[in-house]
Amino acid sequence: MFKKFLLFIALALPMMAAAQNVKIGLVDVNEVIRVMPATAAAQKQLEEVAAKYDEQAKSLQEDLQKQAEELQAMQNDTNTLPAIMERKVKAFQDSQARYQEFAQKAEADIAQKQQELFLPITTEIRNAIESVGREGNYTLIQSSASEIVFYYSAPAEDVTPLVKKKLGL
């Protein structure tokens with residue numbers, strides 16, 4: 001019995017000691033991203049790409065509006081032949097489909113460009129956070145904006161300034 005008690009103590013003591021050494025850090029990743037110089041450049045590039053797509057979308061919308069007006073005028077004209085009307089309706093529907101396809105492709109391209117531009121930024125931030133974690137002996141560094149953790153009792157420290165310092169900000 002006494003041996004079992006000693007074995008229990010021998011096993012439990014290191015676990016209790018380790019549990020007391022939990023060090024938690026919180027970082028405001030959005031703040032770090034916001035103040036990074038590379039973010040402004042990436043955002044500018046993304047806005048330029050989006051502006052080009054918006055320009056093309058506006059042109060397609062103007063074309064659709066013109067076709068819709070022509071179609072409306074033809075519907076009001078009693079002399080319009082059915083074959084011509086059918087051809088105009090088909091052309092309008094094709095234009096609508098092209099516009100929808102363009103809009104979906106543009107949205108996907110912009111999302112891909114955003115990922116491409118911001119991946120190096122987020123990688124740099126992740127590396128800085130990992131470095132701060134190792135240097136500060138943190139058990140866990142979590143985003144302060146995370147809504148996943150509802151409670152933790154260990155004291156937490158805001159490491160955002162340390163991450164900014166590591167990035168030279």
Side-chain angles (χ1 to χ4, degrees), residues 24-134 138-152 156-169:
I24 298 174
L26 298 174
V27 64
D28 187 347
V29 177
N30 293 330
E31 169 66 15
V32 175
I33 288 173
R34 188 183 62 75
V35 299
M36 286 191 68
T39 300
Q43 191 63 38
K44 183 179 179 190
Q45 280 186 286
L46 193 61
E47 288 170 1
E48 289 171 358
V49 169
K52 289 177 184 176
Y53 278 114
D54 286 345
E55 183 180 315
Q56 183 64 34
K58 185 178 179 184
S59 173
L60 289 172
Q61 285 175 333
E62 289 171 356
D63 185 45
L64 273 175
Q65 182 64 33
K66 182 180 172 188
Q67 286 182 358
E69 290 169 1
E70 289 174 2
L71 194 58
Q72 185 65 36
M74 289 179 82
Q75 286 175 339
N76 294 339
D77 185 2
T78 57
N79 295 329
T80 303
L81 298 172
I84 294 174
M85 184 64 158
E86 188 176 306
R87 186 177 64 83
K88 283 288 189 180
V89 167
K90 175 74 170 129
F92 180 71
Q93 290 171 341
D94 289 346
S95 293
Q96 281 181 318
R98 277 195 309 275
Y99 175 77
Q100 290 296 329
E101 182 180 324
F102 172 80
Q104 290 172 352
K105 174 113 173 71
E107 187 177 326
D109 287 352
I110 290 170
Q112 181 180 358
K113 186 67 172 177
Q114 181 179 17
Q115 183 178 7
E116 173 187 314
L117 291 171
F118 282 90
L119 181 62
I121 296 169
T122 56
T123 300
E124 186 177 359
I125 291 170
R126 185 175 42 252
N127 291 341
I129 292 170
E130 288 174 3
S131 179
V132 166
R134 281 190 304 276
Y138 287 92
T139 307
L140 168 74
I141 295 181
Q142 177 176 327
S143 173
S144 60
S146 177
E147 298 177 7
I148 296 172
V149 175
F150 297 104
Y151 173 80
Y152 50 87
E157 181 180 336
D158 185 4
V159 297
T160 303
L162 297 173
V163 172
K164 285 181 178 180
K165 183 178 178 183
K166 182 63 70 176
L167 292 168
L169 303 174

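Starting from 1, each residue takes its place in the sequence as its number.
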Please tabulate, for side-chain N and O atoms in residues 117-124, each donor-acceptor pair with protein atoms closer than 3.5 Å (sequence neighbours left out).
| from | atom 1 | to | atom 2 | distance (Å) |
| --- | --- | --- | --- | --- |
| Thr122 | OG1 | Phe118 | O | 3.2 |
| Thr122 | OG1 | Leu119 | O | 3.0 |
| Thr123 | OG1 | Leu119 | O | 2.8 |

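Within 6.0 Å of atom CD in Glu107, 12 or fewer heavy atoms from other residues, nucleotides or ligands are found, so the atom counts as exposed in its surroundings. Annotation: Gln96, atom CD; neighbour count of heavy atoms from other residues, nucleotides and ligands within 6.0 Å is above 12.
Note: Gln43 CD to Ile33 CD1 = 11.0 Å, rounded to the nearest 0.5 Å. For the atom pair CD (Gln56) and CG (Asp54), the distance works out to 11.0 Å, reported to the nearest 0.5 Å. Rounding to the nearest 0.5 Å gives a distance of 8.0 Å between CG of Leu60 and CZ of Arg98. For the atom pair CG of Asn30 and CD1 of Ile125, the computed distance is 9.0 Å after rounding to the nearest 0.5 Å.
Contact record, Val159 with Gly25: CG1-CA, 4.0 Å, taken as the closest heavy-atom pair. Closest heavy-atom contact between Phe92 and Gln67: CA-OE1, 3.4 Å.
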Inset, instruction - With side chain to side chain contact (heavy atoms under 4.5 Å, CB included) as the test, would you mind laying out the steps for Tyr138 and Glu157 before giving the verdict? - result: CA-CA 10 Å; Tyr138 287 92; Glu157 181 180 336; 2.9 Å; yes
Inset, instruction - Step by step, work out the side chain to side chain donor-acceptor pair (under 3.5 Å) result for Gln65 and Glu69. - result: CA-CA 6 Å; Gln65 182 64 33; Glu69 290 169 1; 3.2 Å; yes
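Electrostatic pairing of Lys113 and Glu116 counts as a salt bridge here, judged by a charged N lying under 4.0 Å from a carboxylate O.
The backbone N or O of Asp28 lies less than 3.5 Å from a partner atom in the side chain of Thr160, making a donor-acceptor pair. With hydrogens and angles disregarded, no donor-acceptor distance shorter than 3.5 Å links the side chain of Ser143 to the backbone of Val29. In this structure, the side chain of Ser144 does not engage the main chain of Leu26 through any donor-acceptor pair within 3.5 Å.
For the salt bridge (charged side-chain N to carboxylate O under 4.0 Å, His left out) condition, the pairs that include at least one residue of residues 32-51, sequence neighbours left out, are Glu31-Arg34.
Within the 4.5 Å cutoff, the side chain of Lys88 has no heavy atoms near those of the Thr80 side chain. Residues Ile110 and Leu46 have side chains in contact (heavy-atom distance under 4.5 Å, counting atoms from C-beta outward). At least one side-chain heavy atom of Asp94 sits under 4.5 Å from a side-chain heavy atom of Lys90. With contacts defined as side-chain heavy-atom distances shorter than 4.5 Å, the pair Asp109/Val49 does not qualify.
By the side chain to side chain contact (heavy atoms under 4.5 Å, CB included) test, Ser131 pairs with Arg134, Glu135, Lys166, sequence neighbours left out.
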